[in-house]
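Beneath this line is the structure, given in structure tokens, with notes to follow.
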Amino acid sequence: MMTMKERLKTIISRFEREERPRLKLRRGDKLPLLMAIACIITAAATYIVLSGAEAYAKKLVAIRASTPESEDYSLQGYSYEPATTKRNILLSVIDEDELCRAHVLVFDEDKHTLDILDTPPETLVSCGGFDGTLSEAYKTEVYQEIVAMALDLQLDGCMSFSVETVRDCVNLLGGVKLTLDKEVKIGENILSKGERTVMGSVAGIIVSNSQAYTDGDTGRITAYHNLLASIISTLKEKGAVEWVSLTVDLIVNRVETDMTISEIIELINLLNETDTENINIQLTTIENSK
């Protein structure tokens, strides 16, 4: 019997020979994109669904005993209609089992914009009966719910992966461009001012440097934001079909998520439609509430 990786290689090889030459993707042309991506990751569907289901089931048991704010509004006689054009995804990066970076990706489906809320891992959070840092919240079974309550956002999905995964992804993409307005020093590493193409080793140094938040070093924080924007721009330039085929092994085996296959495909499509000039990355503060 073929292993999962062998099946993936067979599918991608067949895709490269037969499908990609026939695909002429246009902006907003969703059907070919959905078919292509579905073809690539169908072999991994069972794996992702099963691995995500266990984590998701645990979360459902925990913090959701509290009454949703929308129900409180209804009981008071107010009409509550949630926004339908926004998609909020919690994206976390882990370094040696510790939370390194925490973001909420806010996609606007109508405006094709992406706002990235970057929250320092050592941010103090006090809500829903939890008191501690965001890093400590990550180690609980209700991390997603804590972030949602702290930021007062409805989260539509949760994904996490390691710094090593970021390094490997950047290498598979052939590197990404990084522009710095001034020299940046990270530990013993010095990144000079200007534009260059960086590979996974340098990307990993920048991503793992969460100490920049506690040090209040705006240069190192900006370097990370520039790198993050560049990775997204590189994905856009390559096109969804190409970058998914390059990184499918990482997506299947090294990304933890509670999202279904169809939700992942929809998220990739949203990224494909996002205008890179309309990507905004900002540091986010949390208003704590008991």
Side-chain angles (χ1 to χ4, degrees), residues 12 15-16 20 23-30 32-34 36-37 40-41 87 89 91-93 100-101 103-108 112-118 159-181 184 186 189 191-209 220-255 257 264-282:
I12 293 173
F15 174 81
E16 294 284 348
R20 188 186 297 187
L23 288 175
K24 302 295 183 182
L25 293 178
R26 302 184 301 276
R27 180 179 178 83
D29 190 0
K30 298 182 179 181
L33 175 60
L34 292 178
I37 298 173
I40 295 173
I41 62 179
R87 189 66 53 88
I89 306 297
L91 181 66
S92 306
V93 182
C100 179
R101 304 282 182 175
H103 327 74
V104 174
L105 278 59
V106 182
F107 290 90
D108 190 307
H112 306 297
T113 61
L114 171 60
D115 293 323
I116 302 178
L117 311 180
D118 177 18
M159 306 180 78
S160 64
F161 44 84
S162 67
V163 170
E164 288 74 17
T165 300
V166 176
R167 291 176 186 150
D168 291 344
C169 179
V170 170
N171 285 335
L172 288 170
L173 294 173
V176 296
K177 292 181 180 179
L178 177 64
T179 302
L180 299 176
D181 294 331
V184 174
I186 303 177
N189 302 282
L191 305 178
S192 58
K193 175 182 176 181
E195 180 179 303
R196 71 190 54 76
T197 297
V198 300
M199 300 302 293
S201 57
V202 174
I205 291 171
I206 296 173
V207 173
S208 62
N209 182 229
R220 283 147 60 194
I221 294 172
T222 299
Y224 172 66
H225 288 179
N226 290 352
L227 175 68
L228 183 57
S230 182
I231 291 174
I232 295 173
S233 296
T234 302
L235 296 177
K236 283 277 298 175
E237 289 170 5
K238 286 190 175 295
V241 173
E242 182 175 352
W243 73 256
V244 170
S245 66
L246 287 172
T247 62
V248 64
D249 184 65
L250 300 182
I251 294 172
V252 171
N253 294 310
R254 293 164 61 178
V255 174
T257 182
I264 291 173
I265 292 174
E266 187 174 1
L267 181 62
I268 292 172
N269 190 68
L270 284 174
L271 182 62
N272 187 57
E273 293 184 342
T274 299
D275 185 346
T276 53
E277 294 183 358
N278 290 325
I279 297 176
N280 177 45
I281 305 175
Q282 57 184 340

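Just so you know, these numbers use all the heavy atoms, side chains as well, and skip hydrogens, waters and symmetry mates.
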field: Stepwise side chain to side chain contact (heavy atoms under 4.5 Å, CB included) test for Lys177 and Arg196
entry: CA-CA 6 Å; Lys177 292 181 180 179; Arg196 71 190 54 76; over 6 Å; no

- prompt: Are the side chains of Leu250 and Val255 in touch, meaning some heavy atoms are under 4.5 Å apart?
  reply: no

ring-ring contact (aromatic ring centres under 6.0 Å, His included) involving Phe161 - partner list, sequence neighbours excluded: none

field: Heavy-atom side-chain contact between Arg87 and Val106 under 4.5 Å
entry: no

- prompt: Any side-chain heavy atom of Thr257 sitting closer than 4.5 Å to one from Ile264?
  reply: yes

- request: Enter the distance from Ile231:CD1 to Cys169:SG here, rounded to the nearest 0.5 Å.
  value: 6.5 Å

- prompt: What pair of heavy atoms forms the shortest contact from Val163 to Gly204, and how long is it?
  reply: CG1-O, 3.8 Å

field: Intermediate values then yes/no, side chain to side chain contact (heavy atoms under 4.5 Å, CB included), Arg101 and Asn209
entry: CA-CA 9 Å; Arg101 304 282 182 175; Asn209 182 229; 4.2 Å; yes

message: When you compare the side chain of Met159 with that of Leu267, does any pair of heavy atoms fall below 4.5 Å?
response: yes

- prompt: Does Asp275 use its side chain to pair, donor to acceptor, with the backbone of His112 at less than 3.5 Å?
  reply: no

Glu164 and Arg254: CA distance, side-chain angles, deciding distance, salt bridge (charged side-chain N to carboxylate O under 4.0 Å, His left out) verdict: CA-CA 10 Å; Glu164 288 74 17; Arg254 293 164 61 178; over 6 Å; no

- prompt: Any side-chain heavy atom of Trp243 sitting closer than 4.5 Å to one from Leu172?
  reply: no

- prompt: Considering residues at least two apart in sequence or located in another chain, which fulfil the salt bridge (Lys or Arg N to Asp or Glu O under 4.0 Å) criterion with Arg220?
  reply: Asp215, Asp217

field: Lys236 side chain vs Thr276 backbone, donor-acceptor pair below 3.5 Å
entry: no

message: Any side-chain to backbone donor/acceptor pair from Asn189 onto Ile186? Under 3.5 Å, distance only.
response: yes

field: No-hydrogen, no-angle side-chain donor-acceptor test under 3.5 Å, Asp118 and His225
entry: yes

- line: Closest heavy-atom pair, Ala223 versus Leu178, reported as atoms and distance to 0.1 Å, is O-CD1, 3.9 Å

message: Quick check: closest heavy atoms across Cys100 and Ser208, and the distance to 0.1 Å?
response: SG-CA, 3.5 Å

- request: State the CG-OG distance between Leu91 and Ser160, to the nearest 0.5 angstrom.
  value: 8.5 Å

- request: Mind checking ring-ring contact (aromatic ring centres under 6.0 Å, His included) for His103 and listing every partner two or more places apart, or none if nothing turns up?
  value: Tyr224

- prompt: Atom CG in Asp115, atom CG in Asn278: separation rounded to 0.5 Å?
  reply: 9.0 Å

message: Exactly one of Ile232, Val104, Asn280 should register a side chain to side chain contact (heavy atoms under 4.5 Å, CB included) with Ile116. Which one does?
response: Ile232

query: Which pair of heavy atoms, one from Ile268 and one from Ala240, lies closest together, and at what distance?
result: CG2-CB, 3.9 Å

- prompt: Is atom CD of Glu277 surrounded by more than 12 heavy atoms (other residues, nucleotides or ligands) closer than 6.0 Å?
  reply: no

- prompt: For the atom pair OG1 (Thr165) and CD1 (Ile251), what is the distance rounded to the nearest 0.5 Å?
  reply: 11.0 Å

Atom of Lys238, atom of Leu173 and distance for their closest heavy-atom approach: CE-O, 3.0 Å

CG on Leu114 to CZ on Phe107, rounded to 0.5 Å: 4.5 Å

task: Output the distance between atom CG (Asn226) and atom CG (Leu191), rounded to the nearest 0.5 Å.
output: 11.0 Å

- request: State, to 0.1 Å, how close Val176 and Ser230 come at their nearest heavy-atom pair, and which atoms those are.
  value: CB-OG, 3.6 Å

